[in-house]
Protein chains: 2
Amino acid sequence: MVNKMTEKNTEEKIIAAAEKVFIEKGLAGARMQEIADEAGINKSLLHYYYRSKELLFGMVFRFAFKTFAPDLLKAFDGPDDFFTKLERVVATYLTLIEKNPHIPGFIISELSTNPNRLVEIIKLMNIDIQPVFKAIEEEIEKKTIRKIEPSELIINVLGLCVFPIIAKPMVETIIFKGSESDYKAMLEKRKTEVAHFVISAIKIKD
Amino acid sequence: MVNKMTEKNTEEKIIAAAEKVFIEKGLAGARMQEIADEAGINKSLLHYYYRSKELLFGMVFRFAFKTFAPDLLKAFDGPDDFFTKLERVVATYLTLIEKNPHIPGFIISELSTNPNRLVEIIKLMNIDIQPVFKAIEEEIEKKTIRKIEPSELIINVLGLCVFPIIAKPMVETIIFKGSESDYKAMLEKRKTEVAHFVISAIKIKD
DNA sequence: AAATGGTTTAACCAAATGGTTAAATTAGAT
DNA sequence: ATCTAATTTAACCATTTGGTTAAACCATTT
């Protein structure tokens, strides 16, 4: 056993480096040599452990997708009422992507150039949003929220969470006149404000 | 004069081809040869007319940005009341990006890898969202909408418009189980529903 | 300590890629 | 018709890039 637990072994170093480079530059923009340099190893080791650029990229992409796809849905079961869940989902998700701000854009961008990637990945993951659909429909029946297509509500919540992060340069430059601190403050505020906004759009008061 | 008005001249053919290829594949993924093939011309002509890949890309990027940045703001002046404007802005913008669905993702993605591009482009364009800020603040004062940060409202509207289009593969596959017609119907519906959603989130009824 | 098998490296390779060049072609002016 | 200047093309070039290979290295077993 080489692995001393304290320092990463080669495979881990490669994955960490590949994540960094691929997520930052995309499949087409990434260079195998840059990944090797980032990992501090010889380029041949990339092929020794992962065969090809495409295969290594696949690892990174699946990791990224798995990290970001399911958390949303899981957060939606539990005993709390719908609005509390919504608040929790948004706060959790925004915190997660705030820590990995390049990943949503990476996934969207790579899927845009190669939507096929999604087909394979979904086979291995079986994502089921049916429970979320059901939860929304129940609220509509209970008349706690107004009639709305569940798909529409889900898309809205996702868009409100993801957009300010993937569009950071534009938002920061144009809306906040280049002030990164204002941008960050906005992100922080959205952890509560997005749910607040959505709830005030759908809640039926009586 | 070579130009017969009916058929595009070489420069135009190049730009059209470059738009298609760059917007589809991004700067890093695009190939000069592919652009030449798409335009039906010799690769040397790309350099003859536009010097380098970077310069040709700059043309395309500025065109894309100019097409998509300002329309939003312009639609916001006029005599109509705030909610009518909002409805019009959303419908207009969604129609525009529906016809060019790859452009928003293209801009976001390229700015993500090189935010510096935005700095130059803003010099040539001077985008001023101040009027929109003001319009929102006035509505708040008039108590037609609840107290909300203007930046927050703008970001929300943009996110609700842009997200379902840039995330098409995910939305279509996961939320609509692969049904493109359902996806398209959703987009169509959003031309009115997004404004409706936003208005119900901010309107003060009395 | 010698053998073994996994790991790592330097050197190398073929294909791809952005870009150049010089010749050929074309269109308009004289 | 001939000249001229812009346009277009094929051939070429240097560099980059993903990938391979064979030798070196190193830890463990015997």
Side-chain angles (χ1 to χ4, degrees), chain A residues 1-63 106 109-110 113-114 116-117, chain B residues 1-63 106 109-110 113-114 116-117:
Chain A
M1 265 292 115
V2 180
N3 196 353
K4 281 183 183 168
M5 242 36 173
T6 49
E7 57 186 56
K8 281 187 270 189
N9 64 30
T10 305
E11 271 155 294
E12 290 168 336
K13 279 194 282 185
I14 291 174
I15 288 293
E19 276 166 19
K20 191 185 170 195
V21 175
F22 277 132
I23 288 170
E24 202 177 285
K25 313 221 167 161
L27 173 58
R31 297 289 164 250
M32 294 297 269
Q33 187 60 59
E34 192 183 347
I35 295 172
D37 293 346
E38 179 71 35
I41 51 142
N42 188 283
K43 180 163 72 88
S44 296
L45 286 182
L46 303 181
H47 297 97
Y48 180 76
Y49 284 105
Y50 298 99
R51 287 280 303 276
S52 70
K53 188 187 186 185
E54 174 62 36
L55 255 25
L56 182 54
F57 178 83
M59 292 267 151
V60 172
F61 186 81
R62 279 191 297 277
F63 156 80
F106 166 74
S109 172
E110 296 300 333
T113 41
N114 184 3
N116 231 43
R117 244 175 253 288
Chain B
M1 262 296 113
V2 181
N3 197 352
K4 280 184 183 165
M5 241 40 170
T6 49
E7 57 186 55
K8 280 188 270 187
N9 64 31
T10 305
E11 273 155 293
E12 290 168 338
K13 280 194 282 186
I14 291 173
I15 289 293
E19 275 165 19
K20 191 184 169 196
V21 176
F22 276 132
I23 288 169
E24 203 176 284
K25 313 220 166 161
L27 173 59
R31 297 290 164 250
M32 294 296 269
Q33 188 59 59
E34 191 182 348
I35 295 172
D37 293 346
E38 179 71 34
I41 52 144
N42 188 283
K43 179 164 71 89
S44 296
L45 286 181
L46 302 181
H47 296 98
Y48 180 76
Y49 284 105
Y50 298 99
R51 287 280 304 274
S52 70
K53 189 186 187 186
E54 173 62 34
L55 254 26
L56 181 55
F57 178 83
M59 293 266 150
V60 172
F61 187 81
R62 279 189 297 276
F63 156 80
F106 166 73
S109 172
E110 296 299 334
T113 40
N114 184 2
N116 231 43
R117 244 176 253 288

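Below, read A as the first sequence line, B as the second, and so on, with proteins coming before strands; counting in each chain starts at 1.
Across the protein-nucleic acid pair, B:Tyr48 atom OH and C:dT25 atom P stand 17 Å apart, rounded to whole Å. The interatomic distance linking A:Lys53 (NZ) with C:dA16 (C1') rounds to 12 Å, in whole Å. Taking atom CG of residue A:Asn9 and atom P of nucleotide D:dA27, one finds them 15 Å apart after rounding to whole Å. Atom P of nucleotide D:dT17 and atom NE2 of A:His47 are separated by 13 Å, given to the nearest angstrom. As rounded to whole Å, 18 Å separates atom P of C:dT17 from atom CD of B:Glu54. Between B:Met32 atom CE and D:dT15 atom C1' there is a gap of 16 Å when expressed in whole angstrom units. Between the CD atom of B:Glu11 and the C1' atom of D:dT8 there is a distance of 14 Å, given to the nearest Å. Atom CG in B:Leu46 sits about 12 Å away from atom C1' in D:dT8, given to the nearest Å.
By the 4.0 Å N-to-carboxylate-O rule, B:Lys53 lies too far from B:Glu34 to be salt-bridged with it. By the 4.0 Å N-to-carboxylate-O rule, A:Lys25 lies too far from B:Glu110 to be salt-bridged with it.
Nucleic acid contact for B:Tyr50: none, since no nucleic acid atom lies under 4.0 Å from a heavy atom of the residue.
A 3.5 Å limit on both hydrogen-bonding distances identifies C:dA27 as the Watson-Crick or G-U partner of D:dT4. The partner of D:dT29 is C:dA2, by the rule that a Watson-Crick or G-U pair needs both atom distances under 3.5 Å.
Of the candidates D:dT8, C:dT8, C:dT17, C:dT8 carries the atom nearest the A:Thr10 side chain, counting heavy atoms from C-beta on.
Here the CE-CD1 distance, from A:Met59 to A:Ile14, works out to 11.0 Å after rounding to the nearest 0.5 Å.
Both B:Ile41 and A:Ala30 lie near DNA chain D, and the one whose nearest nucleotide falls closer to the 5' end is B:Ile41.
A:Phe106 pairs in a ring-ring contact (aromatic ring centres under 6.0 Å, His included) with only one of the listed residues (A:Phe57, A:Phe63, A:Phe22), which is A:Phe57. When each of B:Lys20, B:Lys43, B:Arg31 is paired with B:Glu38, the salt bridge (charged side-chain N to carboxylate O under 4.0 Å, His left out) condition holds for B:Lys20 and for no other.
Regarding contacts with the backbone of D:dG18, a side-chain N or O of A:Arg31 is found under 4.0 angstrom from either OP1 or OP2.
Interface remark: the A:Ser44 side chain does form a donor-acceptor pair with the D:dT21 base, using a distance-only criterion of under 3.5 Å. Put simply, the side chain of A:Lys43 and the base of D:dG19 share a donor and an acceptor less than 3.5 Å apart.
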